Number of protein chains: 2
Amino acid sequence: MEELTERKSKILNIIIQNYLETGEPVGSRTISKYPDLNFSPATIRNEMADLEEMGYIIQPHASAGRIPSDKGYRFYVDGLIAEKDREITEIKDVMFERTERMEQVLKQVVKVLANNTQYATMISAPAISGTKVKFVQLSPVNEHQLLSVVMMSGNIVKNKLIELDNPLTAEETLKLNMLLNSSLNGLTIGDINLALISQMKSQAGEFEDIIEQVLKTVADTIEDEEGLEIYTSGATNIFKYPELSDSQRAKNFIEAFEEKEELKDLIADIEGAAEGEPGTGIQVYIGDESPIGSMKDCSVVTATYELGDGIKGTVGIIGPKRMDYKNVMDNLTSIKKKLEQIVKG
Amino acid sequence: MEELTERKSKILNIIIQNYLETGEPVGSRTISKYPDLNFSPATIRNEMADLEEMGYIIQPHASAGRIPSDKGYRFYVDGLIAEKDREITEIKDVMFERTERMEQVLKQVVKVLANNTQYATMISAPAISGTKVKFVQLSPVNEHQLLSVVMMSGNIVKNKLIELDNPLTAEETLKLNMLLNSSLNGLTIGDINLALISQMKSQAGEFEDIIEQVLKTVADTIEDEEGLEIYTSGATNIFKYPELSDSQRAKNFIEAFEEKEELKDLIADIEGAAEGEPGTGIQVYIGDESPIGSMKDCSVVTATYELGDGIKGTVGIIGPKRMDYKNVMDNLTSIKKKLEQIVKG
DNA sequence: GTTAGCACTCGAATAGTTGGAGTGCTAATA
DNA sequence: TATTAGCACTCCAACTATTCGAGTGCTAAC
C-alpha cells in the first residue's frame, strides 16, 4: 500500500475533522478555505480523487462531498492513539465517595461519562474469576434461618439465606465458621475441588448440608458475577446523531443496549484483544470491526481497567463513527485511572 | 352527562376493539359489517356523530374514520375492571427460584412481563419505609476492617465495610454485636431516635465510633432503598407501535424510561392513589391522566403489590393507548399474586 | 504542478396530480 | 319515527414532475 503524501494526509485529516463537527459530507471548496492549505478546489479535488481510490474516503453519492471510510477513521484514530501521551482532562463532578458498593460507583461512572461525552456508555463490573475468598461468616437470624455472608477480594460481598431444618447452637455455628474460614480463605473458585469439598463435609459431620449450601453460595456468588453485570447509560444520545437515528437503526441499537447480551459478546471480545498488549488499554472498533451487527454504523472506544488480582472490567463508549475520538479517549483514560485508584486508595 | 344507549355503547366498544387491533381509524363501513350490528353505514354514522359530540371518539382529520378519545378508552377500561373476576392466565416461564436477592426476581419479572405483553414494563423494588431491623452482625474481616451486615424485614440485606483505627478483640466484637442486636432488633428507622442513640453510645464506651458507623449503615440502607430502585425492560417495544415511534416521541419516551427520575414520580403518584381503596390494586392512567409528559400518548397500567409490614412496590406496563388492556391486567394480577406469595411461600 | 472554467450529475425540496376512504346532509322508504 | 340510499364534498397519502444548488470530473490554459 502506497504511503500518503503529507498533503494527502493533511487533507484527509481535515476532511475527517470537518465531518466530525458537521456530520455533512465535505466538499473541495470547504477544504480549500482552510488556512494551511493554499490550493484551489480543483487541486484538492485531484487529491481527493486519489484518496478515494486508495479507500480512505467515500462519496455517498455522485454529487456530494466526501466522508471518511472506516479505513479513513482508522487512519485518524491510529494517529490519535500514537500521540496519546497528552495531558489528561479531569472528569468533572465524579464524586467517588468510598462506597463499598462497587455497583453504585459503576452506575455513577457510566452516567457521568454519558453526560460528559454525549454518547452511549457502558461499563462492565469487574469479573472476579480469579478472585479469592476473603472471608466467610454464618450468622443465625432465627431458629430456621442462617445468613451466610461471603466476601471476595475486591470487597465484593454476597449474602444468602439458608433454611435450617433444626436450629444450630451458638457453639455449632462457631465451629462451622471456623471450619469454613480455615478451609476456604484465600482460595479461588478453581481451588475448591471435589477433594476439598468431601474433606470439609466429613469434618462437618451432621452439618454437611450446611457446608453444601455455603459452597453453593460461593459458587452462586461467582457465577452471578461471572454473568457479567453491565451497566449502561445515555443510549438515547444516539438520537442526537441524524445518521443513526432513523427508526430502524435506533431500535436495533437501543435494543442491543438494553438487552445487553450482545454487549457481553463485545466485552468478551475486547478483553480478549486487550489480553496481550500492555499499552494504554484503549481499544477502538470502527464500524464493521465491531462484533455487534447493530453497531456497524458506530464506533466503539473502550478502556480496560484492572483492580489487581487479575480482576478487570471494561468501560466504553459507543457513538457515531464521527465521534470526538480525542475527547473520548481522554475521558476513558481518566476514568480508568480513577477506578484503579479506588481500590488502592 | 347523558347515558349511552346500548347500541351506542356497542358501537363504541367495536370502534375501540377494532382500533386496538389495527391501529387504524375505524370507519362506518367497517363497523356495519360486524355481525351483531345490522345497520347500514349511514345509521352508524349518525351514532358516531353523537359519540363524537359526547367526547368518546375523535376524528383525526375530516375524512378519516374515528379513533377513541381518552374518555373513550376510560369507558372501555372501566368496563374491563368491572368484570375483572375473570380466570387468571398463568404467567409462563417465570421461574421464581427462591433467591433471596429480590433484585434478581424483580429483574426477571419485568423481563418476562415485557416479553409476554410486548410493551414497556417497570417494577419498583419494595419500599422499606416501615421496615424493621431484623438482625445486625459485625464481623472482623482483618485488623483494619469490620464488615457490618444489616438485615431488614423482607429479607433485605445490606453490607458496609467499616474502617478501624485499632483492631477489636473477639470479645469486644461479641459485646458490640449483643448491644446492637438487643438495642435495634425490631425497630423501624423512625424508632431510632436521639435518646436511643446516645444511650447506646454510652453503653459502648470507647467504641462509640463504631456504633455511630453501624447506625449510619442502617440509615444508609434505608435511604438507599428509599431512593426507590426501579427496574425496566422492553422500552424498545414502543417501536412496534407506529403511532409512538417517530423519532422525537421515541426519544423522549426512552429517555424517561432510562433516566427513571420521572418513573419515580409516576410510582409515587400511583402508590398515593392506591392508598385508600382495597380492590384489585390495579390502576390505569390514560394519556394525560399520567403525570409524565412524555407519556401523554400512552397508557399506563399498574398493580401495587404488598409484602406485608407495609412494604409495597409497584409493577406496571406502559404502552400505546390502544393496548390490550385485558391481557395486561391479567398479567399484572397474576404477577402481583406471585410476588406476594414469594415472601409468604 | 496548479488553476479556471464548464458541462454534468444527483439528491433534497417543492409543488402539482390523482385516487380512495370516509364523511355529512338530504330525501326517500318502511 | 327510525333507517337507509345517494351524492357532493373533504382530506390525506402516494405518486410524479420540476427546480435548485452543491459538488464533481474533465479539459485547457497558466
Side-chain angles (χ1 to χ4, degrees), chain A residues 2 4-12 14-16 18-19 21-69 72 242-243 245-247, chain B residues 2 4-12 14-16 18-19 21-69 72 242-243 245-247:
Chain A
E2 321 91 332
L4 287 178
T5 65
E6 175 158 355
R7 191 168 73 183
K8 279 195 177 53
S9 110
K10 216 177 219 167
I11 291 178
L12 179 52
I14 289 179
I15 292 178
I16 295 178
N18 191 291
Y19 182 67
E21 282 166 30
T22 64
E24 300 286 315
V26 187
S28 53
R29 249 183 87 77
T30 317
I31 298 175
S32 77
K33 291 211 192 90
Y34 271 68
D36 47 342
L37 224 39
N38 281 319
F39 301 98
S40 81
T43 312
I44 307 289
R45 279 206 288 280
N46 288 329
E47 295 287 51
M48 284 165 86
D50 289 353
L51 283 170
E52 178 159 20
E53 202 174 324
M54 293 160 116
Y56 288 102
I57 51 180
I58 291 173
Q59 214 174 358
H61 57 83
S63 73
R66 305 303 214 288
I67 63 176
S69 69
E243 69 267 41
S245 66
D246 68 285
S247 219
Chain B
E2 319 91 332
L4 287 178
T5 65
E6 175 158 353
R7 191 169 72 183
K8 279 194 176 57
S9 109
K10 216 177 219 165
I11 291 178
L12 180 51
I14 287 179
I15 292 178
I16 295 178
N18 192 290
Y19 182 67
E21 282 165 31
T22 66
E24 299 286 315
V26 186
S28 53
R29 249 184 86 78
T30 316
I31 298 175
S32 76
K33 290 210 193 91
Y34 271 69
D36 48 342
L37 224 42
N38 282 319
F39 301 99
S40 81
T43 312
I44 308 287
R45 278 206 288 280
N46 288 328
E47 295 288 50
M48 284 165 86
D50 290 352
L51 282 171
E52 179 159 18
E53 203 175 324
M54 292 159 119
Y56 288 102
I57 53 181
I58 291 173
Q59 214 173 0
H61 59 81
S63 73
R66 307 301 215 289
I67 64 175
S69 68
E243 69 268 40
S245 66
D246 68 285
S247 218

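Chain letters run A, B, ... following the sequence lines, proteins first, then strands; residues in each count from 1. Keep in mind it's a predicted model, so treat the numbers as computed, not measured. Hydrogens, waters and symmetry mates play no part in the numbers below; they use all other heavy atoms, side chains included.
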Hey, does the side chain of [X] reach the backbone of [Y] with a donor-acceptor pair shorter than 3.5 angstrom?
X       : Y       : answer
A/Ser69 : A/Tyr56 : yes
B/Thr30 : B/Val26 : no
B/Gln59 : B/Ala64 : yes

Interatomic distance, [X] [atom1] vs [N] [atom2] [rounded to whole Å]:
X       : N      : atom1 : atom2 : answer
B/Ile67 : C/dA21 : CD1   : C1'   : 16 Å
B/Glu52 : C/dG24 : CD    : P     : 7 Å
B/Gln59 : C/dA21 : CD    : P     : 16 Å
A/Asn18 : D/dA22 : CG    : P     : 16 Å
A/Lys33 : D/dA22 : NZ    : C1'   : 12 Å
A/Leu37 : C/dT2  : CG    : P     : 11 Å
A/Ile57 : D/dT24 : CD1   : C1'   : 12 Å
A/Lys8  : C/dT2  : NZ    : C1'   : 14 Å

(request) Give a yes or no on this: more than 12 heavy atoms of other residues, nucleotides or ligands lie within 6.0 Å of atom CZ of B/Arg7. (result)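 Counting other residues, nucleotides and ligands, CZ of B/Arg7 exceeds 12 neighbours.
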
(message) If you compare every side-chain N and O of A/Arg29 against the phosphate oxygens of D/dT24 (OP1, OP2), does one of them come in below 4.0 Å?
(response)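 No, outside the criterion.
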
For residues [X] and [Y], determine if any side-chain heavy atom of one lies less than 4.5 Å from a side-chain heavy atom of the other.
X       : Y       : value
A/Lys8  : A/Ile11 : no
B/Ser28 : B/Ile31 : no
A/Tyr34 : A/Asn18 : yes
A/Ile15 : A/Met48 : yes
B/Glu47 : B/Leu12 : no

(message) Let's see if you get this right: which residues in residues 42-50 of chain A place a heavy atom under 4.0 Å from DNA chain D?
(response)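 The stretch gives A/Arg45, A/Met48 as the residues lying under 4.0 Å from the strand, ordered by number.
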
(message) Side chain of A/His61 only, heavy atoms from C-beta on: which candidate in C/dT3, C/dC10, C/dG22 is closest?
(response)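 Selected nucleotide: C/dC10.
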
(message) Show me the dot-bracket string of DNA chain C, counting Watson-Crick or G-U pairs under 3.5 Å, with | for pairs to another strand and [ ] for crossing ones.
(response) ||||||||||||||||||||||||||||||

(request) Using heavy atoms to find the nearest nucleotide of DNA chain D for B/Phe39 and B/Ser63 separately, return the residue whose nucleotide is more 5′. (result)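 Whichever sits nearer the 5' end wins; that is B/Phe39.
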
